[in-house]
Amino acid sequence: MRQKHLELLVGVFVALGLAAFLLLALKVSDLAHIGEDKGYRVTARFENIGGLKIRAPVTLGGVRIGRVAGINLDPQTFEALVTLAIEPQYDRLPSDSSASILTAGLLGEQYVGLEPGGMDDFLKNGSSLKLTQSALVLEKLIGRMFTNAAQGEAPAKAP
Amino acid sequence: MTGPLERLGRWVLDRLTALGRANLFLLRLVGALAFLVRRPGLLVRQLYAVGVLSLPIILVSGLFVGMVLGLQGYANLVDFGATSSLGTVVALSLIRELGPVLTALLYAGRAGSALTAEIGLMKATEQLASMQMMAVDPFARVLAPRFLAGFIAVPLLTAIFTAVGILGGYWVAVVQLGVDGGAFWAQMQARVLLWEDIGNGVAVKSVVFALLANWIALFEGYEAHPTSEGVSLATTQTVVATSLAVLGGDFLLTALMFGAW
């Protein structure tokens with residue numbers, strides 16, 4: 001009887017431990033999204049991807065339709081080659097859709113936003129997005145603002 | 001004249017022979033594990049002692065650590081309007097560091113010291129010697145079940161600690177402080193990687209710490225001087241040595257897993 005009681009408690013303990021592992025894997029980690037990698041893949045080239053990371057969301061009209069599956073550098077053109085995995089139910093995106101890298105809030109994470117185009121044929125596995133807009137790099141923006149200000153001042157002082 | 005040098009030499013040689021004995025001890029321990037296939041009941045009893053009885057302290061500590069992380073993370077992130085990352089902060093700190101390390105330290109205090117005292121007293125009262133007299137191998141009958149039980153219990157306790165900690169963080173952040181619950185889980189899921197974070201952090205670290213904690217506890221007990229003073233010294237030594245080994249080992253593992261060099 002005592003041994004039975006013991007075995008029951010140990011069984012509960014082991015089950016609890018395994019359940020905790022399962023909770024960590026399913027609820028906490030990226031396994032929760034693992035099915036989303038299935039969809040079809042399209043590529044997009046960007047001059048500068050800023051702080052974009054693998055598994056960042058891909059959205060259209062604010063709705064998440066997939067995620068970034070890979071980021072590579074094209075050794076010939078020195079452009080960033082971003083692979084987007086888009087969920088299979090969104091298979092009717094026009095082939096001339098454009099992609100831009102946006103930021104959620106001022107300091108939030110970066111994501112890829114798609115803008116639908118007007119063509120009749122659709123994006124499919126392996127196609128690439130022609131129209132892209134790079135990430136806004138804050139330092140570059142500020143730098144440009146300063147040079148603009150300097151150029152604006154220069155003619156005024158000349159006479 | 002040569003007194004200090006002699007003492008240094010003796011100290012180093014003593015340490016080295018102790019390390020050698022510890023390694024031989026581990027080898028004999030692993031060799032004796034096969035015995036447990038015939039007597040699984042021994043394992044169940046030890047799993048109860050080191051696992052089930054450690055549950056309360058692990059559950060309560062995990063909950064409070066998670067709640068503190070939630071509070072502190074909120075207090076710091078709210079200045080940047082970044083409280084939606086709170087889930088990531090709580091989960092990553094627990095999964096990568098606090099879960100495995102604190103569980104191992106608590107385990108050393110709760111179960112490791114008890115193992116040392118038990119084995120040390122068995123030795124002091126010559127129970128181990130009398131077993132050998134009866135041709136019963138104390139490694140197979142006494143040490144191996146305790147070792148395997150601890151080795152199984154620590155990773156499970158780590159997972160429980162981490163999971164409860166995250167739930168505690170969730171309770172403070174979402175229920176008490178009003179962080180958006182959807183963002184809490186979504187950001188966490190976006191940033192926590194299954195193999196890199198949970199595999200390296202909770203799984204690999206806890207297995208390494210399980211080996212260290214149980215090895216040290218059993219070895220200290222087995223090597224204890226067979227006096228009441230010796231057993232008390234060995235028990236202290238277990239907690240100190242395990243804590244140092246776990247913290248030092250954690251630095252090495254972190255540098256290997258997450259370090260940039």
Side-chain angles (χ1 to χ4, degrees), chain A residues 1-37 51-59 62-71 84-85 102-112 138, chain B residues 40-41 43-55 58-59 62 77 80-82 84-85 87-88 90-92 94-95 99 149 152-167 170 183 185-199 201-203 206:
Chain A
M1 190 59 207
R2 182 89 181 91
Q3 182 75 9
K4 272 262 173 1
H5 186 61
L6 219 69
E7 279 169 0
L8 176 72
L9 284 173
V10 170
V12 169
F13 165 64
V14 173
L16 210 62
L18 294 179
F21 262 117
L22 218 63
L23 177 87
L24 289 178
L26 294 179
K27 184 80 184 164
V28 174
S29 82
D30 57 336
L31 197 66
H33 298 301
I34 219 133
E36 294 170 17
D37 238 12
L52 191 72
K53 294 201 174 61
I54 288 183
R55 291 177 320 106
V58 176
T59 66
V63 180
R64 181 191 175 110
I65 60 165
R67 55 197 192 130
V68 174
I71 296 175
L84 312 174
L102 306 167
T103 309
L106 194 58
L107 297 168
E109 62 172 347
Q110 292 190 299
Y111 62 97
V112 177
L138 217 55
Chain B
L43 182 67
V44 171
R45 186 162 289 275
Q46 293 309 320
L47 257 177
Y48 176 77
V50 298
V52 176
L53 293 182
S54 300
L55 264 184
I58 290 292
L59 285 172
L77 289 173
F80 304 104
S84 56
S85 323
T88 318
V90 171
L92 278 187
L94 277 167
I95 287 169
I152 295 172
V154 174
L156 293 176
L157 290 172
T158 304
I160 294 172
F161 184 99
T162 310
V164 169
I166 290 172
L167 293 179
Y170 172 82
W185 291 114
Q187 291 247 359
M188 190 190 297
Q189 287 164 0
R191 289 292 159 82
V192 178
L193 305 177
L194 181 63
W195 298 117
E196 284 82 350
D197 291 325
I198 296 183
V202 173
S206 69

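We name chains A, B, ... by the order of the sequence lines, and we start the count at 1 in each one. All figures in this text were calculated on a predicted structure; none of them were measured in a lab.
- Proximity to chain A (any heavy atom under 4.5 Å) is shown, for B:Leu47, by both the backbone and the side chain.
- Contacts between B:Leu193 and chain A at a heavy-atom distance below 4.5 Å involve backbone atoms as well as side-chain atoms.
- In this structure, CG on B:Leu53 lies 8.5 Å from CG on A:Leu9, to the nearest 0.5 angstrom.
- When all heavy atoms of B:Val44 and A:Val10 are compared, the pair lying nearest together is O-CG2, 3.4 Å.
- B:Ala159 approaches A:Leu24 most closely through the heavy-atom pair O-CD1, 4.2 Å.
- Of the atoms belonging to B:Ile95, it is side-chain heavy atoms, and not backbone ones, that fall under 4.5 Å from chain A.
- Taking CZ from A:Phe13 and CG from B:Leu156, the interatomic distance works out to 5.0 Å, rounded to the nearest 0.5 Å.
- The contact between B:Ile160 and chain A is made by backbone and side chain atoms together, counting heavy-atom distances below 4.5 Å.
- To the nearest 0.5 Å, the span separating CZ on A:Phe21 from OG1 on B:Thr158 amounts to 7.0 Å.
- Residues A:Leu23 and B:Ala163 come closest through the heavy atom pair CD2-CB, 3.6 Å.
- With a threshold of 4.5 angstrom between heavy atoms, B:Ala82 does not approach chain A through any atom at all.
- A pairwise comparison of heavy atoms in B:Gln189 and A:Lys27 identifies NE2-O, 2.7 Å as the closest pair.
- Looking at heavy atoms from C-beta onward, A:Leu6 lies out of side-chain contact with B:Val52 at the 4.5 angstrom threshold.
- Between chain B and the options A:Leu22, A:Val12, A:Leu18, A:Leu16, the largest number of non-hydrogen pairs under 4.5 Å is found for A:Leu16.
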